[in-house]
Novice: 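Please see the structure below; I have some questions.
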Amino acid sequence: MIEHRYSAAHWGIYEIDPNPSEDRPKLRSFSLDPDPNSIGLDQLDPSVTALRIARPAIRESWLEAGAGTNPSKRGRERFVEVDWETALDLAASEIARISASHGNEAIFGGSYGWSSAGRFHHAQSHLHRFYNNVGGYVRSVDSYSLGAARVLMPYIAAGMDESNVSHTSWDVLAAHCELFVSFGGMPLKNTRVSPGGAGRHRARDGLQRMRNAGAHIVNISPVKDSLEDGASDEWIPIRPNTDTAMLLALAHVVLNDSRFDRSFLDSHTVGFDRFLPYLTGVTDGIAKTPAWAARITGVSAVRIERLAREMLGKRTMLNIAWALQRAAHGEQPFWMLVTLAAMLGQIGLPGGGYGLGYGAMNTMGSSHPRVPGPTLPQGRNAVSAFIPVARFADMLLHPGGTFRYNGGLHRYPDIRLVHWAGGNPFHHHQNLNRLRRAWEKPETIIVHEQYWTPVARHADIVLPATISLERDDIGFATREGYLIAMRRAVAPYGDARDDFAIFSGLARRLGLEADYTEGLEVSGWLRRLYEKNRLQVAEAGIELPDFNDFWETGFIDYSRHDRPHVMHADFRRDPVSCPLPTPSGKIEIFSERIASFGLEDCPGHPVWREPFEWLGHAEAKRYPLHLLSDQPVRRLHSQLDQSPYSRAGKISGREPVYLNPKDAAKREIAQGDVVELFNDRGRCLAGALLSEAIMPGVVRLSTGAWFDPGDDVEKHGNPNTLTLDRGASTLSQGCSAQTCLVEVRRFTGPVPPVSAFTPPAIIVKEV
């Protein structure tokens, strides 16, 4: 009999109870969660387990002929199962060979993704700790989610990590906000998750309380249901990638309204007078008026002007979705939103100001205390070379080439070994056909994986890892209000091992086991991490029980320490004593630092720049539909796409693509048809879903369908078959996936079967 336990995942906290009728425990949603999430409840389902990797496996021709053999067969070739000793010997010898022959700058430590919610069994932390002990590795910086904003915002107001945990709390918004305007919406599906584990899902209730108090909620987006499932008070459809133009026009109206007060700008910002000539058209001859913006955005000039005047007359919160900076010139809408909020003068007031991602994660709007969590020490990386994460394919394809980033000129290293643990580049990266070509360049690719995902299928050495429910750990997420004792619920599947055990075995073969493990087993590390964290939390005035009591109780609830919070309140009260972490200590409408970089595509103040693929360009004539590739409803990224819950949302086994009925009628597409999306970068199949909730000229295909390439078409509906692999700008080099033009047609040929969830061919033989 398995006793009552808890576990944490990015989707929520689970209660784990024995299930007498079956041979596996039953997962239930956390009883204290007012809006529980269904994702992950079926992660022990046999259909999910069927995709587990049971034993270490080596790509057949790599095993027979050595490193670099037939790299074009990655993703297409059989695997040979071997024992752990053989697999670790092969992996360790490759790490040693590449390091000795080419230096550690030839090793890329890939670990991008949300991996485990546990703070010890966190694949990225162990990968970095291991390679920092063996001489270093080439790392990636920033994220696909926030590449442009992470580089920009430290110059403008505050870094995104700080911003994410500092948003004004929902209780304050309910009490004080009168107008909530969200560019890109506030999709509840995104708020279902937090890295480390969502506790109480709060966004739905937060919006409802705000509405009940009389706030007017406006969704400015190409998609109606991008704000609380379509239940906003008003939907203003806008052409994708044009929000900066509308924000500029709103600012132009505010500037010329008699209620405009410069006092906040003068006391709390720098650079407005450097921006003003651009806004009024002195510098380029184009005044950024509502009439000018209407031609670009498709939003009427009358509505733009009226909205600006409503903002001046009410306590207004301006919000922006992360998706808007995942686009060409993605820095600009974020910069311009902060600029407009500063012109309204409400930053730091209860219910007013700006938000950079209400709707991106459950974290935003939390009133839980901000306390540190357990952290595994990772050491210091001796290799200085790095890449912005979204330039991964460029690095592999162009070793020695140069790239601009954050004001500097850098060079791509020559990567011979990729070691990937945690995450799925065949989900996150753009232009996957290009990525497959780049993926053929390294001599060896080592992957730790739990399931036969696309990245596992494209590896040379596959090392099976445990899932969270198969190990002891500590769950924690910033401002989620809980610390969770994640006690093992089931035995490891097959021969799967923890990442800690895998890296310990590699470190032993390289003579560095003592440095990596410090002589501790898992239980010793958990106790050490907890007790260190207990002392840190005590400095914040919160006393925690000792480790034994915590482990027995199962979770710690911080909610009795909740407090209302207003972002930038201290800065507003006293900008001298409480400066922002920007070069000037104030909000920077004009950034001297960014201007000094001399970048045409990102000058010293917010500007409107046309996207790379735009309405007047030749691409638009061949590919007239703008593709949005948002987050999915039934999974986090590509995690658990094989689950019954995710598969229940498919159409003919494929990801649904949303089309406006007018666009569908022009193409003779009916509900449920298998359709083909295509452009110069690739082709993929999806199931048609017709909806008035998406504006004409726009289609939406959510990310995360496991990449399933056929001979000439991706079969499962992965939008990154089509997206553009180009940096948002030379400032950030961020992901620009939301700038993408396609065409759609009904698929008339024999429909190929989906094979994403069929494991690769595996043979067993002696080595």
Side-chain angles (χ1 to χ4, degrees), residues 142 146-160 183 241-252 254-255 265 269-289 292-293 296-297 320 324-343 354 356 388 390-391 402-410 580 582-614 617 726-736 738-739:
D142 305 328
L146 281 169
R150 281 192 180 280
V151 177
L152 173 77
M153 289 310 300
Y155 296 111
I156 308 309
M160 286 305 302
F183 288 83
N241 290 183
T242 67
D243 301 81
T244 302
M246 183 169 175
L247 287 160
L248 283 162
L250 291 166
H252 193 277
V254 169
L255 177 70
L265 292 174
T269 75
V270 296
F272 181 72
D273 288 332
R274 304 282 295 276
F275 164 70
L276 187 58
Y278 174 77
L279 181 64
T280 58
V282 172
T283 56
D284 62 0
I286 303 173
K288 311 310 179 291
T289 64
W292 164 81
I296 296 170
T297 64
I320 194 166
L324 272 63
Q325 53 83 62
R326 290 196 293 270
H329 314 295
E331 300 83 5
Q332 303 309 319
F334 269 49
W335 201 344
M336 192 57 225
L337 185 96
V338 176
T339 298
L340 176 60
M343 292 177 67
Y354 70 89
L356 303 179
R391 303 276 58 79
T402 58
F403 64 94
R404 299 291 300 272
Y405 171 77
N406 205 4
L409 183 66
H410 305 274
L580 296 178
T582 63
S584 66
K586 297 183 178 183
I587 294 169
E588 302 213 356
I589 295 172
F590 183 94
S591 168
E592 294 283 359
R593 289 286 302 279
I594 293 177
S596 72
F597 300 154
L599 307 176
E600 191 282 330
D601 59 358
C602 192
H605 58 73
V607 294
W608 158 250
R609 290 283 190 270
E610 287 189 354
F612 313 138
E613 297 184 341
W614 185 234
H617 295 181
R726 176 174 171 178
S729 76
T730 50
L731 176 73
S732 71
Q733 298 290 352
C735 161
S736 58
Q738 301 293 358
T739 298

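Quantities reported herein were computed from a predicted structural model and do not represent experimental measurements. Side chains included, hydrogens not; waters and symmetry mates left out as well; all remaining heavy atoms used.
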Novice: A side-chain contact here means heavy atoms from C-beta on lying under 4.5 Å apart; do Thr289 and Trp292 qualify?
Specialist: yes
Novice: Taking Arg609 first and then Glu331, would you say they form a salt bridge - that is, a charged N and a carboxylate O separated by under 4.0 Å?
Specialist: no
Novice: Distance from Thr244 atom OG1 to Leu340 atom CG, nearest 0.5 Å?
Specialist: 11.5 Å
Novice: Would you say Trp608 and Ile296 make side-chain contact, with heavy atoms under 4.5 Å?
Specialist: yes
Novice: A side-chain contact here means heavy atoms from C-beta on lying under 4.5 Å apart; do Leu580 and Ile587 qualify?
Specialist: yes
Novice: Shortest non-hydrogen contact from Ala390 to Gly734?
Specialist: CB-C, 4.2 Å
Novice: Enter the distance from Thr339:OG1 to Leu250:CG here, rounded to the nearest 0.5 Å.
Specialist: 12.5 Å
Novice: Ignoring hydrogens, what is the shortest heavy-atom contact between Phe612 and Gly727? Give both atom names and the distance.
Specialist: CZ-O, 3.4 Å
Novice: Any heavy-atom pair between the side chains of Met246 and Phe183 that's under 4.5 Å?
Specialist: yes
Novice: Kindly say whether Ala328 contributes a backbone atom to a donor-acceptor pair with the side chain of Thr739 at under 3.5 angstrom?
Specialist: yes
Novice: Measure from the side-chain N and O atoms of His329 to the backbone N and O of Cys602, and report whether any donor-acceptor pair falls under 3.5 Å.
Specialist: no
Novice: Just wondering, do Leu255 and Phe272 contact through their side chains at under 4.5 Å, heavy atoms?
Specialist: yes
Novice: Looking at every non-hydrogen atom in both residues, tell me the closest pair between Pro154 and Pro583 and how far apart they are.
Specialist: O-CD, 4.1 Å
Novice: Roughly how far, to the nearest 0.5 Å, is CE of Met343 from CG of Leu247?
Specialist: 11.5 Å
Novice: Can you tell me how far CD of Gln332 sits from CG of Leu152, rounded to the nearest 0.5 angstrom?
Specialist: 7.5 Å
Novice: Can you find a pair of side-chain heavy atoms, one from Pro388 and one from Phe403, that are under 4.5 Å apart?
Specialist: yes
Novice: Between the main-chain N or O of Gln325 and the side-chain N or O of Gln738, is there a donor-acceptor pair closer than 3.5 Å?
Specialist: no
Novice: From Leu356 CG over to Leu146 CG, what is the distance, rounded to the nearest 0.5 angstrom?
Specialist: 9.0 Å
Novice: Atom CG of Leu265 and atom CD1 of Ile589: how far apart are they, to the nearest 0.5 Å?
Specialist: 5.0 Å
Novice: What are the two closest non-hydrogen atoms of Gly330 and Ala148, and how far apart are they?
Specialist: C-CB, 4.0 Å
Novice: Do Ser729 and Leu599 come within less than 4.5 Å of each other through their side chains, counting heavy atoms only?
Specialist: no
Novice: Is the backbone N or O of Tyr278 less than 3.5 Å from a side-chain atom of Lys288, with the two atoms forming a donor-acceptor pair by type?
Specialist: yes
Novice: As a quick check of understanding, evaluate side chain to side chain contact (heavy atoms under 4.5 Å, CB included) for Leu279 and Leu248, giving each step before the final call.
Specialist: CA-CA 7 Å; Leu279 181 64; Leu248 283 162; 4.1 Å; yes
Novice: Check the orientation of Phe590 and His605. Use parallel for under 30°, tilted for 30 to 60°, and perpendicular for over 60°.
Specialist: tilted
Novice: Closest approach of Ile594 and Gly604, non-hydrogen atoms and distance?
Specialist: CG2-CA, 4.5 Å
Novice: Do Thr269 and Phe275 have side chains that approach each other closer than 4.5 Å (heavy atoms only, starting at C-beta)?
Specialist: no
Novice: Kindly say whether Val151 contributes a backbone atom to a donor-acceptor pair with the side chain of Asn406 at under 3.5 angstrom?
Specialist: no
Novice: If I compare all heavy atoms of Ala245 with all of Ala293, which pair ends up nearest, and what's the gap?
Specialist: O-CB, 3.6 Å
Novice: May I ask you to decide if Tyr155's main-chain N or O and Arg593's side chain share a donor-acceptor pair within less than 3.5 Å?
Specialist: no
Novice: Please confirm whether the backbone N or O of Glu588 pairs with a side-chain atom of Trp335, one donor and one acceptor, at under 3.5 Å?
Specialist: yes
